[in-house]
There are 2 protein chains.
Amino acid sequence: MATINDISKMVGVSKATVSRAINGTGQVSKETKKAIFEAMDALNFRPNSLAQALATNKSNSIGIVLSDFDGNYFGRLLKQASQTAEKTGKQLIVTDGHNCAKREKEAIHFLADRKCDVIILYTRKMSVSDIISLKRSISTPIVNVGRDLPASAGYTVGFDHTHAAQIAITHLIDLGHKDIIYIGPEPTTPTTRLRFQAFEEKLEQHQLVAQDRHIICPDFTVYGGYDACQQLLKVKVPFSAIFAASDDIAIGVMKALSDAGIKVPEDVSVVGIDNQEKSAFVTPSLTTVELPIKAMTLHAMQIAQELAEGKQVTNGSKLFTGELIVRHSATPPNT
Amino acid sequence: MATINDISKMVGVSKATVSRAINGTGQVSKETKKAIFEAMDALNFRPNSLAQALATNKSNSIGIVLSDFDGNYFGRLLKQASQTAEKTGKQLIVTDGHNCAKREKEAIHFLADRKCDVIILYTRKMSVSDIISLKRSISTPIVNVGRDLPASAGYTVGFDHTHAAQIAITHLIDLGHKDIIYIGPEPTTPTTRLRFQAFEEKLEQHQLVAQDRHIICPDFTVYGGYDACQQLLKVKVPFSAIFAASDDIAIGVMKALSDAGIKVPEDVSVVGIDNQEKSAFVTPSLTTVELPIKAMTLHAMQIAQELAEGKQVTNGSKLFTGELIVRHSATPPNT
DNA sequence: CTGAAAGCGCTTACAG
DNA sequence: CTGAAAGCGCTTACAG
């Protein structure tokens, strides 16, 4: 690998001059500039970005830590993030939190250690105080995505999970359903807690039975939904509608129902949350709540961008809300 | 940020000793080691990994470049890669090739410039000669994933796309179908070309009409499949089966069919390629070909691992083959 | 077991 | 417009 020294020797100038030519900082005469670029080509020179970063204390890259590499919307988030990053000429470094608070923290440190200009943090497991203290311990600016965090956690682009769950359930109630089941993971993380609480509250508010209406599935996957629904069919509690904590779960649920000879929506209505691409293509198409992950990511990247350039942030933290997408998986109950 | 100097001053030893204590290289007495660790804690010291990498010329990380951040199996690939990486204590740096040869190259350079120990390359757009010359121009070892490349391209964990397409089509032919349509992207990339060629050859081999049987869809998505199938329904060519170039396309196709009142598999059979998670959960469940992306990634990571440690590679390049997964979307034609 | 010194490949005041 | 020198924060022979 050729270094700046090689090319400085070849051209017969100091490496300071070479550096200036490369970066376009300071004045360099046309002729020497030309000679330098030719030498760079000849030697196939590429600046060592590690050395650059060490010297300047920044790396021209944006770090992302994702709580997990297979959540149902991490693909959309990544896609959007990488598109915006490309426009700004910054590289994106993506890192896995392995769905565990400890790993999430490590990933953040990894990124901070590499002097990323800014870190986009999509965490599910870290507690609010974790986030706040971590934020304090590193100098890299952080922008949180996905959760609704207090101002002390720094910039955050959140989603109103409570509201999303409410409109889904309200839809079912408005259709006339009285026996509604919730299928979703145990309410142990902020997100799962919010969704489940919204469920219970809405039911109670409408004087419907809210107790023992929660069938737990291990995760947010189709498999989880499928198994949980089979479980539900065994216990023989009466129900006419199911609220699934995610579209994936809902799709698993619908499959289990169909395998058991139960028709959706004629016999049982199902609604989900997420509005994944595939949800429009299953049969029946799924009624769900749009989670605007692309718009959220875009917003987060704009903040990140401004932060990276040391600019004033024009549009700071924001809370996004969902929207009900009515399709064909939920109808009035069969009476 | 505390540096190694701060802690060397605090303890009263040279920074060489501190470095040895941190890395566990060389001898350091118990007492000084203890003092050093205490000081590290007190000052909340984290070694600057940029400086470490610059000094040692390695970074203890594995780089991945993905041709695109929304291909249909990049999620599974990433998940598996990050799981293996975690076990080995290496960090994973993921980078987007933006579905374009130029960007793919840039991404590789980015990773090489950061001194990744090894690069996993999943490219769709770069030509074989591109890959070979790029491989020559950087010193970082590369392991290719997904395509079947010549030995001169270095280690490669490939998939036999021709064989996969063949078994899918043969399945349809064996069921008795004579009028088969191919729905997939234009054969412009290595993968799309292979799949389409296999289709044409098999048809000709069985003396079936192979001309004008290709309905083009813009990409590998459900939307693409949906639109292309609507196209197909307009042109009124007779057909009893559809071979879709991916599961996503197949799912879009089935939806278009069902929207048009055509029953799968009673009226039309459909098969895909990929065996995505959701394919078992659509109705009817999709007959497809398993693409063992997890196993392939695991294999690639093992090579990467050995390369990174400078070990001899025990199991080198390998070509994986698909397996037919028979479910409910394809049956004998209705005669 | 420990230290002084050189080096990794850049950048950036400072001086001219 | 250009160069000499110090510095970024580490590691690693070498010498003791």
Side-chain angles (χ1 to χ4, degrees), chain A residues 1-37 39-40 43-61 109-110 112-117 138-140 310, chain B residues 1-37 39-40 43-61 109-110 112-117 138-140 310:
Chain A
M1 290 274 87
T3 75
I4 203 174
N5 267 310
D6 300 325
I7 102 120
S8 95
K9 271 180 213 152
M10 187 163 180
V11 181
V13 295
S14 76
K15 49 182 188 168
T17 301
V18 177
S19 172
R20 288 189 200 103
I22 295 174
N23 298 301
T25 68
Q27 314 267 45
V28 184
S29 80
K30 250 187 206 157
E31 300 86 59
T32 65
K33 216 182 244 173
K34 183 157 173 269
I36 288 175
F37 286 142
M40 284 172 54
L43 297 181
N44 205 264
F45 169 79
R46 296 184 56 88
N48 181 320
S49 47
L50 256 27
Q52 288 183 136
L54 183 60
T56 61
N57 200 34
K58 57 182 165 194
S59 69
N60 206 32
S61 63
H109 275 130
F110 173 83
D113 290 349
R114 316 253 147 178
K115 307 298 172 205
C116 282
D117 302 331
I138 64 177
S139 52
T140 317
Chain B
M1 288 271 91
T3 75
I4 203 174
N5 267 311
D6 299 326
I7 102 120
S8 95
K9 271 180 213 154
M10 187 164 180
V11 180
V13 295
S14 75
K15 50 183 186 167
T17 301
V18 177
S19 172
R20 289 187 199 104
I22 294 173
N23 298 302
T25 70
Q27 313 267 45
V28 184
S29 81
K30 248 187 208 155
E31 300 85 59
T32 64
K33 214 181 248 172
K34 182 156 173 274
I36 288 174
F37 287 141
M40 285 171 55
L43 296 182
N44 205 265
F45 169 79
R46 297 184 55 89
N48 180 320
S49 46
L50 256 27
Q52 287 183 137
L54 183 60
T56 60
N57 200 33
K58 56 185 168 191
S59 69
N60 206 33
S61 62
H109 275 129
F110 174 83
D113 289 348
R114 314 255 148 176
K115 307 297 173 204
C116 282
D117 303 330
I138 64 176
S139 53
T140 316

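Quick note on labels: first sequence line is chain A, next is B, and so on, each numbered from 1.
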Assess the residue pair B:I36 and B:T17 against the criterion (side chain to side chain contact (heavy atoms under 4.5 Å, CB included)); give the C-alpha distance rounded to whole Å, side-chain angles, the decisive distance to 0.1 Å, and a yes or no. CA-CA 9 Å; B:I36 288 174; B:T17 301; 4.1 Å; yes
Could you pull out the closest heavy-atom pair between A:I7 and A:A39, with the gap in Å? CD1-CB, 4.2 Å
When you measure from the side-chain N and O atoms of B:N5 to the phosphate of D:dC10, is any distance below 4.0 Å, counting only OP1 and OP2? no
Given DNA chain C, 5'-ward residue of the pair B:G12 and A:A2, judged by closest heavy atom: B:G12
Atom NZ of B:K115 and atom C1' of D:dT11 are separated, to the nearest Å, by 16 Å
When you measure from the side chain of A:D117 to the backbone N and O of A:S59, does any donor-acceptor pair fall under 3.5 Å? yes
pair_partner(D:dG3), Watson-Crick or wobble, both distances < 3.5 Å, evaluates to C:dC14
Quick one: A:N57 CG to D:dG7 P, roughly how many Å, whole number? 16 Å
Base, sugar-phosphate, or nothing: which does A:T25 touch, judged by heavy atoms less than 4.0 Å apart? nothing
Value in whole Å for how far the P atom of D:dG3 lies from NZ of A:K9: 15 Å
Tell me the interatomic distance from A:L54, atom CG, to D:dG7, atom P, rounded to whole angstroms. 14 Å
Phosphate OP1/OP2 of D:dC8: any B:N48 side-chain N/O under 4.0 Å: no
Side chain to side chain, B:R46 and A:I138, heavy atoms closer than 4.5 Å: no
Can you check the B:Q27 CD to D:dT12 P distance for me, whole Å? 16 Å
In whole angstroms, how far is the P atom of C:dG9 from the CG atom of A:L43? 14 Å
With the side chain of A:A16 defined as its heavy atoms from C-beta on, choose the nearest nucleotide among D:dA4, D:dG7, D:dT11. D:dA4
Would you say the base of C:dG3 and the side-chain of B:R20 have a donor-acceptor pair closer than 3.5 Å? yes
Does A:S14 place a side-chain N or O at less than 4.0 Å from the phosphate oxygens OP1/OP2 of D:dG3? yes
Rounded to whole Å, please give me the gap between NZ in A:K30 and P in D:dC1. 10 Å
Expressed as a whole number of Å, how far does the C1' atom of C:dT12 sit from that of C:dG16? 16 Å
Please state whether the phosphate of C:dG9, meaning OP1 or OP2, lies under 4.0 angstrom from any side-chain nitrogen or oxygen of A:Q52. no
Taking only side-chain N and O atoms of B:S29, does any of them lie within less than 4.0 angstrom of OP1 or OP2 on C:dT2? yes
Is any side-chain heavy atom of B:S61 closer than 4.5 Å to one of B:R114? no
Taken to the nearest whole Å, NZ/B:K33 to C1'/C:dC1 is 11 Å
Side chains of A:N48 and B:L54, heavy atoms from C-beta outward: is any pair under 4.5 Å? yes
Are A:T32 and D:dT2 close enough that a side-chain N or O sits under 4.0 Å from OP1 or OP2? yes
Give a yes/no answer on whether the side chain of B:T17 brings an N or O atom under 4.0 Å of OP1 or OP2 in C:dG3. yes
So does A:S19 get a side-chain nitrogen or oxygen closer than 4.0 Å to the phosphate oxygens (OP1/OP2) of C:dT11? yes
